[in-house]
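Step one of this worksheet: look at the structure below.
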Amino acid sequence: QVQLVESGGGSVQVGGSLRLSCAASVDTSSLYCMGWFRQAPGKEHEGIATIDSDGDTAYPESMKGRFTISVDNAKNTLYLQMDSLEPGDTAIYYCAADPWVGVCRDWSGTAADFTYWGQGTQVTVS
């Protein structure tokens with residue numbers, strides 16, 4: 001069973017930065033697709049970024065420029081660097097993973113195809 005544990009959330013002022021981490025219980029090189037999502041109160045999961053086993057990344061147009069996804073396979077950890085944060089970024093942030101690379105290569109921004117999920121970490125921007 002794959003476990004994902006997010007950390008690094010908290011409260012930050014407008015314009016500030018945070019780096020979220022997601023520690024995996026397995027070798028991340030075996031998780032061929034990993035991603036970050038967020039969910040604000042009353043809203044659906046929103047895709048932020050994905051990264052596949054080749055290191056190729058994908059961002060929806062609305063997320064380009066302020067968010068950067070990366071993975072350190074030596075530490076089995078996924079990261080999300082978030083800059084120039086705005087109040088609209090307030091949400092619970094989740095990492096997700098799937099052993100099939102096709103989830104990344106066919107990604108349309110949705111959360112539906114990811115098998116493994118973390119418990120989430122709260123980010124509040126004010």
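Side-chain atoms are counted along with the backbone in the values below, which use heavy atoms only and exclude waters and symmetry mates. Throughout, numbering of the chain's residues begins at 1 and tracks the sequence. Everything quoted here is computed from the prediction, not taken from an experiment.
In this structure the side chain of Tyr116 reaches within 4.5 angstrom of the side chain of Pro99, judged on heavy atoms. Looking at heavy atoms from C-beta onward, Val123 lies in side-chain contact with Met82 at the 4.5 angstrom threshold. Residues Thr115 and Trp100 are not in side-chain contact: their nearest non-hydrogen atoms beyond the backbone lie 4.5 Å or more apart. Taking the side chain as every heavy atom from C-beta outward, Thr121 and Ser7 never approach each other to under 4.5 Å.
Both Trp36 and Val12 are part of a single hydrophobic cluster, where members link through side-chain heavy atoms under 4.5 Å apart. Cluster annotation: Met34 is connected to Phe67 through the hydrophobic network of ILVMFWY side chains, with a link wherever side-chain heavy atoms come within less than 4.5 Å.
Salt bridge absent: Arg105 and Asp56 never bring a charged side-chain N and a carboxylate O closer than 4.0 Å.
Minimum heavy-atom separation, Ser70 to Ile51: CA-CD1, 4.1 Å. Pairing each heavy atom of Phe114 with each of Gly35, the nearest pair is CE2-N, 4.0 Å. Closest approach of Gly120 to Ile92, counting heavy atoms only: CA-CG2, 3.8 Å. Residues Val125 and Thr90 come closest through the heavy atom pair N-OG1, 2.9 Å. When every heavy atom of Gly8 is checked against every heavy atom of Leu18, the shortest pair comes out as O-CD2, 3.8 Å. Taking all atoms of both residues into account, the shortest heavy-atom contact from Tyr59 to Ile48 is CD2-O, 3.5 Å.
Here the CE-CD1 distance, from Met63 to Ile69, works out to 12.0 Å after rounding to the nearest 0.5 Å. Once rounded to the nearest 0.5 Å, the distance linking OG1 of Thr28 with CG of Leu4 reads 10.5 Å. Residue Asp89 holds its CG atom at 11.0 Å from OG1 of Thr124, rounded to the nearest 0.5 Å. Interatomic distance, Thr68 OG1 to Leu80 CG, rounded to the nearest 0.5 Å: 7.5 Å. Rounding to the nearest 0.5 angstrom, the gap separating the CG atom in Leu20 from the CD atom in Gln81 is 9.0 Å.
Under the 3.5 Å distance criterion, the side-chain polar atoms of Asp52 are left unmatched by any main-chain donor or acceptor of Cys33. With hydrogens and angles ignored, the 3.5 Å screen pairs no side-chain donor or acceptor of Tyr93 with any backbone N or O of Glu6. Counting only distance, with no hydrogens or angles, the side chain of Ser53 and the backbone of Ser29 share no donor-acceptor pair below 3.5 Å.
No more than 12 heavy atoms of other residues, nucleotides or ligands sit less than 6.0 Å from atom CD of Glu44. Environment of CD in Gln119: crowded, with over 12 heavy atoms of neighbouring residues, nucleotides or ligands closer than 6.0 Å. No more than 12 heavy atoms of other residues, nucleotides or ligands lie within 6.0 Å of OH in Tyr32, so this atom counts as exposed by the packing criterion.
Shown here are the side-chain contact (heavy atoms from CB on, under 4.5 Å) partners of Ser84, two or more places apart in sequence or in another chain: Arg66.
Listed by first then second residue, pairs satisfying side-chain hydrogen bond (donor to acceptor under 3.5 Å, both in side chains) with a partner in residues 10-25 read Ser17-Asp83, not counting sequence neighbours.
Note on ring orientation: taking the six-membered ring where Trp is involved, the planes of Phe37 and Trp117 are tilted (angle from 30° to 60°).
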